[in-house]
Amino acid sequence: SLLEILQTPVASWTYQGQDLPYQPNVVTPRLRAALAAGDPVSIGWVFPDLGDPPEAGPALIPVDRIRGPVLLLSAGDDGGYGAAYHEVAVSRLRYPARHIVYEHAGHPIAAPPYRPTPRAAPPYRSPAVSGPDVDFQHTGIPAADASARAGAWREIREFLR
């Protein structure tokens with residue numbers, strides 16, 4: 001079940017076979033109640049509040065050590081961690097950074113630009129989130145998602161050029 005997955009502390013990323021530091025998921029009463037009722041859940045309900053960078057401790061990615069320009073792309077209506085986490089990163093970068101926020105776009109901007117935009121009204125089963133049989137609430141407007149994915153692809157290509 002999603003609840004079991006979320007309550008199991010495990011790193012999402014490893015480096016050379018070792019778990020990288022992470023902030024554990026937070027199972028809030030709101031999330032627990034929605035799961036118990038079979039209601040759709042928001043992926044954002046499991047992300048802990050980032051708080052001030054010192055509070056994140058070792059889980060804070062040391063972006064201040066990056067030696068070059070950075071491009072950050074955010075969905076303004078992500079429903080997950082979204083732009084707030086990126087703003088913390090931008091404030092700590094030493095080299096030029098460009099942070100683009102696509103207002104009204106939801107989490108699906110992470111999909112490639114050629115992938116069809118879901119047309120079902122939320123809630124719908126997310127093709128982007130694998131896991132247990134749970135309905136996820138998605139925010140954003142499908143047309144804004146499609147536009148953001150195309151715009152993000154252009155920005156990435158230009159950045160890499």
Side-chain angles (χ1 to χ4, degrees), residues 2 5-6 10-25 40-132 134-161:
L2 180 63
I5 292 168
L6 295 174
V10 62
S12 296
W13 302 97
T14 62
Y15 178 69
Q16 296 181 342
Q18 300 296 314
D19 288 351
L20 290 176
Y22 65 96
Q23 287 187 298
N25 294 316
V41 299
S42 170
I43 196 73
W45 297 348
V46 302
F47 290 107
D49 182 11
L50 184 61
D52 294 325
E55 292 176 27
L60 192 66
I61 298 170
V63 297
D64 52 314
R65 297 192 324 213
I66 295 173
R67 296 180 183 182
V70 174
L71 173 64
L72 295 143
L73 304 169
S74 299
D77 197 11
D78 185 279
Y81 49 88
Y85 277 64
H86 289 168
E87 283 302 316
V88 171
V90 168
S91 72
R92 299 177 57 244
L93 289 165
R94 296 180 184 187
Y95 283 82
R98 182 153 186 226
H99 182 201
I100 301 168
V101 179
Y102 294 96
E103 296 301 328
H104 308 294
H107 197 70
I109 71 165
Y114 48 81
R115 184 174 180 185
T117 300
R119 301 224 184 284
Y124 56 88
R125 296 211 185 273
S126 172
V129 179
S130 61
V134 172
D135 282 329
F136 290 95
Q137 292 180 355
H138 286 278
T139 55
I141 300 167
D145 295 346
S147 177
R149 288 199 318 259
W153 186 247
R154 282 190 304 274
E155 291 293 339
I156 291 166
R157 291 177 64 198
E158 180 61 30
F159 179 78
L160 294 174
R161 193 173 298 124

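For the single chain, residues carry numbers from 1 onward in sequence order. Computed from heavy atoms alone, side chains included, the values below leave out hydrogens, waters and symmetry copies.
- For H104, the NE2 atom sits in a loose shell: 12 or fewer heavy atoms of surrounding residues, nucleotides or ligands are nearer than 6.0 Å.
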Quiz item: Could you go step by step and tell me if L71 and I100 meet the side chain to side chain contact (heavy atoms under 4.5 Å, CB included) rule?
Solution: CA-CA 8 Å; L71 173 64; I100 301 168; 4.1 Å; yes
Exercise. Please lay out, stage by stage, how D77 and I141 fare under the test side chain to side chain contact (heavy atoms under 4.5 Å, CB included).
Key: CA-CA 9 Å; D77 197 11; I141 300 167; 6.0 Å; no
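- Sequence neighbours left out, the pairs with a member in residues 97-109 that pass salt bridge (charged side-chain N to carboxylate O under 4.0 Å, His left out) are R98-E155.
- Of all heavy-atom pairs spanning V101 and A83, the tightest one is CG2-CB, 4.2 Å.
- Between L72 and V90 there is a side-chain heavy-atom pair separated by less than 4.5 Å.
- Counting non-hydrogen atoms of other residues, nucleotides and ligands closer than 6.0 Å to CD1 of I61 gives a total of 12 or fewer.
- Residue A89 comes nearest to V63 through the heavy atom pair O-CG2, 3.6 Å, listed as atom of the first residue, atom of the second, then distance.
- Rounding to the nearest 0.5 Å places CG of L60 at 10.5 Å from OH of Y85.
- Minimum heavy-atom separation, Y102 to A152: OH-N, 3.2 Å.
- Contact record, A105 with A75: O-CB, 3.2 Å, taken as the closest heavy-atom pair.
- With hydrogens and angles disregarded, no donor-acceptor distance shorter than 3.5 Å links the side chain of Y95 to the backbone of V70.
- Side-chain contact between D64 and R94 is present, with heavy atoms from C-beta onward closer than 4.5 Å.
- In terms of heavy atoms, Y15 sits closest to L20 at CB-CD2, 3.8 Å.
- Remark: R67 CZ is loosely packed, at most 12 non-hydrogen atoms of other residues, nucleotides or ligands lying under 6.0 Å away.
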